[in-house]
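The structure appears below as structure tokens.
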Amino acid sequence: MPLSVRKQFILSLFAAPLAIAPCFAQTAFEPKTALIRSAAVVATNDLFINQWVQTGEDGTISGSVVALMGQDSLSLAKIKVTLSQNGTAIASDETGVDGDFKVEKVKPGLYSLSAEGAGSLAIFSLAVLDEVAGKHLPNSVEVRVMPTSSRVSELIRGQMIPKESAAVTVTVDPLQAVRKMATTHQVMLDSAGMLRGKLGKAAMSVDMSAMTVFITKDGKEIDRVRVAADGSFTVQGLSPSVYGLVASGDQGVAAVGFCAVAPGLAMAKPTAIVLVSKTVLPTSLNIEVCDAPFADGTQQAPVDAVVDTSTPTSSVVGMAPVGMGPGFGGGVSGGGGGGG
């Protein structure tokens, strides 16, 4: 081989890695980019309620409706529980004397669950999988209602931006076996009385910054905060007690009751305090919002910005307000009924 040709060949060997280096750099970078993209779709975990459930062989979902009384809860009868999609009721049932309900022939999909009775309300998203895809999930849900009022209705409807959305078919849980849901209705405050929480949408990653969280007590608004883009929010200065949370905005709506407790303490009854491990109770109130279950889709004028600071009808932890249903009216005055 002539010297000039040999020289060019040797030089080409040294030059070759430079030519293919960009290819190696791109190949090594692409998986990292893919991981970043998938990490951006963050599903909400450690949910406050069983918002992911499986059906039985016949498509049955069961559950119970309870009102909160400190660490205890009271089963509620005559509460209508409805699963709806795009404002249309798909299945419904009314709770019996034991507070239980059962809906049958429910197909896998994403539903808005609403529970409404005399002075009680709960609304949230319910993702339903079949018994194979959802074998790691429970087939029942405990619905923790909050006291409702005309003000609560204003907070829900007045902040909603009605929009039509086709029924969503949910076929897989994005979190699979790592899915966690709280087994208690209590949420731990921090030492300064701060409540932490997070809003999300089932199997979706969306900007939640247009959402507002309202904290109510006995149906009266006591505080409101805006939600960050990732769904996180904090509420300052809460005392241990039973509250309602209303989340409302252009991404959906939710309404649930919860019991806030001090660090390291759980309230068994209004007159008793029991020590528990800090790891037992959730430290964040995480909820997946749903589309508005209202069939009419109407929107009222935006609510005013004045926080209702009037004295609640009942300020004792675990004491239910008047008008929450059978047995509650007597609880405030110590008369008859289940709330005494």
So do Arg144 and Ser73 actually touch side chain to side chain, heavy atoms under 4.5 Å?
-> no
Can you find a heavy atom in the side chain of Ile123 that is under 4.5 Å from one in the side chain of Ser112?
-> no
Looking at side-chain heavy atoms only, is the closest gap between Thr60 and Asn139 below 4.5 Å?
-> no
Does Leu175 sit in a hydrophobic cluster with other residues, and if so which ones, taking ILVMFWY side chains as linked at heavy-atom separations under 4.5 Å, directly or through other members?
-> Val178
Can you find a pair of side-chain heavy atoms, one from Leu195 and one from Val187, that are under 4.5 Å apart?
-> yes
From Leu281 atom CG to Met188 atom CE, the distance as rounded to the nearest 0.5 Å | 4.5 Å
Ser120 versus Val145, closest heavy-atom pair with distance | CB-CG2, 3.8 Å
One should read off an interatomic distance between Leu199 CG and Met208 CE, to the nearest 0.5 angstrom, of 5.0 Å
So, the side chain of Ser92 versus the backbone of Thr82: is there a donor-acceptor pair under 3.5 Å, distance only?
-> no
With sequence neighbours excluded, what pairs up with Leu129 under the side-chain contact (heavy atoms from CB on, under 4.5 Å) test?
-> Trp52, Ala133, Leu137, Val170, Asp173
Quick one: pull up CG in Leu155 and OG in Ser149 and give me the separation to the nearest 0.5 Å.
-> 7.5 Å
Calculate, to the nearest 0.5 Å, the distance between atoms CG and OG belonging to Leu121 and Ser114 respectively.
-> 8.0 Å
Would you call Val81 and Asp93 a side-chain contact if the rule is heavy atoms closer than 4.5 Å?
-> no
Looking only at heavy atoms, which two atoms of Pro240 and Leu189 are closest? And how far apart?
-> N-CD1, 4.2 Å
Which residue, Thr216, Leu68, Val242, Leu245, forms the side chain to side chain contact (heavy atoms under 4.5 Å, CB included) with Met146?
-> Thr216
Residue set satisfying salt bridge (Lys or Arg N to Asp or Glu O under 4.0 Å) with Glu116, at least two apart, ordered chain then number -> none
Atom CG in Asn50, atom CD1 in Ile61: separation rounded to 0.5 Å?
-> 11.0 Å
How close do Thr184 and Pro282 get, heavy atom to heavy atom, and via which atoms?
-> CG2-CD, 3.5 Å
Taking every heavy atom of Ala77 against every heavy atom of Val97, the minimum-distance pair comes out as CB-CA, 3.8 Å
Is a donor on one side and an acceptor on the other found under 3.5 Å between the side chain of Ser284 and the backbone of Asn286?
-> no
Side-chain heavy atoms of Thr283 within contact of Pro263, under 4.5 Å | no
Which atom pair, heavy atoms only, marks the closest approach of Val253 to Pro293?
-> CG1-CD, 4.1 Å
Residue list, side-chain contact (heavy atoms from CB on, under 4.5 Å) with Thr234, at least two apart or on another chain = Met194, Arg196, Gln236
May I ask you to establish whether Arg151 and Phe214 are in a cation-pi arrangement, using a distance under 6.0 Å from NZ or CZ to the six-membered ring centre and at most 45° from the ring axis?
-> no
Which residue pairs pass the salt bridge (Lys or Arg N to Asp or Glu O under 4.0 Å) test with at least one member in residues 100-114, sequence neighbours excluded?
-> Lys102-Glu104
Not counting sequence neighbours, list each pair that qualifies as a ring pair (Phe, Tyr, Trp, His ring centres under 6.0 Å) and has a residue in residues 219-244.
-> Tyr243-Phe258
Give the minimum heavy-atom separation between Ser241 and Lys217, together with the two atoms involved.
-> OG-NZ, 2.5 Å
Assess whether side-chain contact (heavy atoms from CB on, under 4.5 Å) is satisfied between His136 and Gln54, documenting all intermediate values.
-> CA-CA 8 Å; His136 60 291; Gln54 61 154 307; over 6 Å; no
Side-chain donor/acceptor of His185 to backbone N/O of Ile49, under 3.5 Å | no
Within the distance-only criterion (no hydrogens, no angle test), does the side chain of Glu288 pair as donor or acceptor with the backbone N or O of Gln51 below 3.5 angstrom?
-> no
Determine whether Pro108 and Thr55 make a side-chain contact, defined as any pair of heavy atoms from C-beta on separated by less than 4.5 Å.
-> no
Any donor-acceptor N/O pair, Asp218 side chain to Pro147 backbone, under 3.5 Å = no
To the nearest 0.5 angstrom, please state how far the OH atom of Tyr111 sits from the OG atom of Ser84.
-> 10.0 Å
Donor-acceptor under 3.5 Å (Thr95 side chain, Lys78 main chain) | yes
Under the 3.5 angstrom rule, does the side chain of Lys201 hit a backbone N or O of Gln251 as a donor-acceptor pair?
-> yes
Indicate whether the side chain of Thr88 and that of Asn86 have a donor and an acceptor atom separated by less than 3.5 Å.
-> no
